[in-house]
Protein chains: 2
Amino acid sequence: MKKRTPNLAEQTDGHGYLVHIAYDSVVFGFSGEKLKILVMEYHNTRLFALPGGFVGIHENLNDAVRRGLKERTGLSDIYLEQCYVFGDVKRHKPEILKAILQANGYKPKKDHWLLDRFISVAYYALINYELVTPRPDALSDSCEWYDLDVLPELILDHASIVQKALETLRKNLDEQIVGMNLLPEKFTMKDLQQVYEAILDEPIHRTNFQRKMLGSGLLVRHAKQYSGKAHKAPYLYSFSGKKK
Amino acid sequence: MKKRTPNLAEQTDGHGYLVHIAYDSVVFGFSGEKLKILVMEYHNTRLFALPGGFVGIHENLNDAVRRGLKERTGLSDIYLEQCYVFGDVKRHKPEILKAILQANGYKPKKDHWLLDRFISVAYYALINYELVTPRPDALSDSCEWYDLDVLPELILDHASIVQKALETLRKNLDEQIVGMNLLPEKFTMKDLQQVYEAILDEPIHRTNFQRKMLGSGLLVRHAKQYSGKAHKAPYLYSFSGKKK
DNA sequence: TATTATTGTACCAAATTGAGACAATAATAT
DNA sequence: ATATTATTGTCTCAATTTGGTACAATAATA
């Protein structure tokens with residue numbers, strides 16, 4: 001039996017969702033040697049935001065985030081980490097939410113729960129770019145990949161959230177099997193290195209990186225991949241560990 | 001002008017505080033070669049809990065935590081870090097809150113906001129044990145230091161919160177100037193080593209630790225401290241960096 | 001003056017890291 | 001075929017960091 005999730009804009013209070021609590025997610029993908037994140041644009045507003053949402057009254061916080069990611073990416077087994085809670089009063093900008101609702105044809109009353117102050121739990125997710133067709137939700141025109149270095153201006157404190165997510169990702173880089181979640185099943189050593197370079201935003205010495213990765217014992221080597229280019233073909237690798 | 005903070009138990013709804021949102025803090029102190037944390041016991045209940053609280057409607061989340069710590073420790077400039085948000089449904093145990101309120105002479109109605117589900121933002125704090133006289137709040141008999149290895153049984157998921165705080169502290173140990181916050185202004189190298197050993201719960205090689213700490217460039221050496229014992233007197237040190 | 005417990009420094013070996021050399025190789029050009 | 005080109009995988013060597021011991025210095029006591 002599937003639980004019905006309430007329609008956001010029609011509600012006049014937070015019934016169905018916990019009031020004052022939201023989440024925002026920084027969904028990282030990797031393609032074309034660059035790190036990208038998902039950004040949504042609301043209907044007719046030129047307002048850009050991170051994919052976020054609310055927590056059902058009988059729903060685990062983490063599950064709420066997974067539900068939101070499933071809706072936007074179609075993926076249900078996603079690598080997910082909390083990174084920070086943004087809880088300052090000054091992030092409360094009811095006029096922005098109001099504009100979004102109005103652009104969608106709703107006339108929220110002054111005490112509409114969405115116009116209240118929210119504390120947002122920030123997450124980051126790592127997903128395989130190739131597996132995703134981003135889908136907008138009811139309030140948004142689009143949900144698309146943006147290069148990290150050419151993000152549009154984001155509403156509220158979402159730029160800080162991206163920054164915090166990136167910092168946390170970098171901090172966790174050595175302990176987490178990042179490549180496994182951002183790359184397809186099989187990949188070359190160069191692919192993996194480019195992921196690390198994109199995240200750290202600095203070049204990495206090739207042979208030392210190779211030594212480190214092979215030495216970790218996490219990689220399984222497969223057949224070579226012939227690209228058709230005029231040079232030695234690289235091996236393909238996959239991760240031997242279990243997906244988190 | 002000081003803002004009035006509402007009286008918790010008298011409220012019949014969350015006016016004054018954000019509903020559904022709480023924080024819990026793991027307050028670390030160091031004394032007698034051991035790591036300790038503050039634990040509160042509620043009146044007449046034998047229920048033990050971490051110092052926690054709620055967020056005023058017009059209050060920053062971080063400020064709410066600082067306010068709570070100020071009330072219980074008297075300190076206002078405390079080293080504080082978020083570590084995790086506990087947001088599972090199963091942490092909702094209204095009967096425990098009810099028991100606490102009843103033991104204090106309140107008869108909460110069924111829909112009392114404190115009996116609702118809460119998401120809790122966990123923090124850890126590092127403070128100088130010597131500067132603190134723990135103070136209980138209105139609902140609790142005591143607020144006292146407990147050795148980490150002999151904690152009483154804690155309510156709800158507070159044991160997990162302690163665990164998470166400890167993990168986070170360990171993870172941050174190298175980047176954060178932990179000693180500065182847990183030790184008095186001046187301390188010996190042995191004091192500092194004992195702090196690290198208490199946090200990591202494993203012995204550290206003395207001379208390598210000394211080399212690492214002196215090499216960090218963060219320590220300033222002062223006069224020797226004569227203990228009256230029959231051996232060479234150690235230097236006193238202090239940290240040269242700014243707090244936090 | 002010898003003894004004891006600690007502390008500060010020096011030193012050596014092992015492990016890790018940074019940087020480059022070089023052979024192997026998959027295509028293309030000759 | 002053979003030379004050329006770009007890239008990959010492996011090695012090697014030096015520099016740095018880390019783990020561990022040796023030892024002298026020293027503040028009290030016996």
Side-chain angles (χ1 to χ4, degrees), chain A residues 30 32-33 170-179 183-240, chain B residues 32-33 170-175 177-179 183-240:
Chain A
F30 179 77
E33 306 169 24
R170 283 175 182 157
K171 196 167 166 179
N172 292 337
L173 192 51
D174 276 330
E175 292 133 63
Q176 292 169 190
I177 312 174
V178 167
L183 288 171
E185 173 76 16
K186 292 185 179 175
F187 49 86
T188 66
M189 192 60 78
K190 185 169 199 173
D191 294 333
L192 188 57
Q193 181 175 344
Q194 284 175 335
V195 168
Y196 276 70
E197 288 177 331
I199 291 172
L200 295 173
D201 194 28
E202 60 185 26
I204 299 177
H205 192 98
R206 182 181 64 90
T207 65
N208 294 335
F209 180 79
Q210 182 137 346
R211 175 176 61 192
K212 180 173 158 183
M213 286 299 142
L214 291 178
S216 77
L218 293 171
L219 294 182
V220 180
R221 179 177 281 180
H222 302 281
K224 291 187 174 184
Q225 181 187 54
Y226 298 91
S227 63
K229 300 283 179 57
H231 54 72
K232 192 174 180 178
Y235 289 107
L236 287 174
Y237 297 90
S238 66
F239 283 100
S240 59
Chain B
E33 305 169 26
R170 283 175 183 157
K171 197 166 166 182
N172 292 337
L173 191 51
D174 275 331
E175 291 134 63
I177 311 174
V178 167
L183 288 171
E185 173 77 16
K186 291 186 180 177
F187 49 85
T188 66
M189 191 61 76
K190 184 170 200 174
D191 294 334
L192 188 57
Q193 181 174 345
Q194 285 175 335
V195 168
Y196 276 70
E197 288 178 330
I199 291 173
L200 296 173
D201 194 26
E202 60 185 26
I204 298 176
H205 192 99
R206 180 182 66 89
T207 65
N208 294 336
F209 180 79
Q210 181 136 348
R211 175 177 59 191
K212 179 174 159 184
M213 286 302 142
L214 291 178
S216 77
L218 293 171
L219 294 182
V220 180
R221 180 176 279 180
H222 302 280
K224 291 188 175 185
Q225 182 187 53
Y226 298 90
S227 62
K229 301 282 177 58
H231 55 72
K232 192 174 180 179
Y235 289 107
L236 286 175
Y237 296 90
S238 66
F239 283 99
S240 58

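Sequence lines set the chain letters: A, B, ... in the order given, protein chains first and strands last, and positions in each chain run from 1.
- Note on A:Lys212: nothing from the nucleic acid sits closer than 4.0 angstrom, heavy atoms only.
- Across the interface with DNA chain C, nearest-nucleotide mapping of B:Gln210 and A:Arg211 shows B:Gln210 to be the residue nearer the 5′ end.
- Across every strand in view, D:dT29 sits in a pair with C:dA2 that passes the Watson-Crick or G-U test at under 3.5 angstrom.
- Rounded to whole Å, the distance from CZ on A:Phe209 to P on C:dG18 is 13 Å.
- D:dG19 and C:dC12 make up a base pair, with Watson-Crick or G-U wobble contacts both under 3.5 Å.
- With a heavy-atom cut-off of 4.0 Å to chain A, the contacted part of DNA chain D has its first and last nucleotide at D:dT5 to D:dT12.
- Residues A:Phe239 and A:Leu219 are in side-chain contact: their nearest non-hydrogen atoms beyond the backbone lie under 4.5 Å apart.
- In this structure a side-chain-to-backbone donor-acceptor pair under 3.5 Å is present from B:Glu197 to B:Ile204.
- Using a 4.5 Å heavy-atom threshold, the side chains of B:Asp174 and B:Lys212 count as touching.
- Aromatic rings from A:Tyr196 and A:Phe30 are positioned such that their centres are separated by 6.0 Å or more.
- Using a 4.0 Å heavy-atom criterion, one finds that B:Thr207 contacts the bases of the nucleic acid, with or without backbone contacts as well.
- Nearest-nucleotide assignment on DNA chain D puts the 5′-proximal partner with A:Tyr235, out of A:Tyr235 and A:Asn208.
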